[in-house]
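Everything on this sheet refers to the single structure shown next.
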Amino acid sequence: MAIPVLVLNGPNLNLLGLREPGIYGSATLADIEELCRLTGERLDLEVDFRQSNHEGELVDFIHAARTTARGIAINAGAYTHTSIALHDAIRAVALPTVELHLSNVHARESFRHHSYLAPAATGVICGFGPRSYVLALEALAGILAG
Ligand code: DQA
């Protein structure tokens, strides 16, 4: 039986493909969803793929995952750098959680160097473009198999 995992996307990621392609590339969020589904099939993970521009809705998705998923991969976008609520939600549900980013946030503006999620996450992956999602799912599959 495939293991259910939540792949959660935060604000502005719905505009991938159009948004600053020099930084984020040409893949759309639908392309990344498809990549996650194919990766899930390979790893025997059932991927629930979601996006919201609203902090509270992201909190609700994380809470729901407590009973519907066994792990979370999250690209919280700019909320990574601002949201104590997402930090608390990740701690509250106590699921293995991988923080991920398309871009290498540490090579960018200093306000992107701090993450409120990282201390609550199992680990962090950034800088590999859409492949960051694949790496995050591989990390989750390894944790959940162990
Ligand atoms: C991002 C990096 C964040 O700093 C930014 O606010 C985003 C996207 C990434 O995937 O590289 O929206 O999370």
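When a ligand or atom number is given, it counts from 1 through the structure's own listing order.
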Under 4.0 Å to a heavy atom of His81 - the qualifying atoms of ligand 1, by number: 3 (C), 4 (O)

At a 4.0 Å threshold, what atoms of ligand 1 neighbour a non-hydrogen atom of Tyr24? 5 (C), 7 (C), 8 (C), 9 (C), 11 (O)

Select the closest option to atom 1 (C) of ligand 1 among Arg108, Glu99, Arg19, His101, judged by heavy-atom distance. His101

Where's the contact between Val105 and ligand 1, heavy-atom distance under 4.0 Å: side chain, backbone, both or neither? side chain

Donor-acceptor contact present, side-chain Arg37 to main-chain Val47, <3.5 Å: yes

Taking heavy atoms and a distance under 4.0 Å, where does Asn75 meet ligand 1: side chain, backbone, both or neither? side chain

Ignoring hydrogens and geometry beyond distance, is a side-chain donor-acceptor pair present between Asn53 and Tyr79 at under 3.5 Å? no

Can you name the side-chain hydrogen bond (donor to acceptor under 3.5 Å, both in side chains) partners of Arg66, sequence neighbours left out? none

Between Glu138 and Arg42, does any side-chain N to carboxylate O distance fall below 4.0 Å? yes

Hey, does Thr80 come in under 3.5 Å of ligand 1, counting only N/O atoms on both sides? no

Leu13-ligand 1 polar pair, N/O distance under 3.5 Å: no

May I ask you to list the atoms of ligand 1 that are less than 4.0 angstrom from any heavy atom of Leu102? 9 (C), 10 (O), 11 (O)

Can a donor-acceptor pair be found, under 3.5 Å and without considering hydrogens, that links the side chain of Thr28 to the backbone of Leu16? no

Residue selection (non-hydrogen contact nearest atom 6 (O) of ligand 1) among Glu20, Glu109, Arg112: Arg112

Can you figure out which of Ser115, Ser103, Gly77 has its heavy atom closest to atom 11 (O) of ligand 1? Ser103

Treating His113 as the side-chain partner and His106 as the backbone partner, does any N or O pair qualify as donor plus acceptor under 3.5 Å? yes

Do Glu99 and Ser115 have side-chain N/O donor and acceptor atoms under 3.5 Å apart? yes

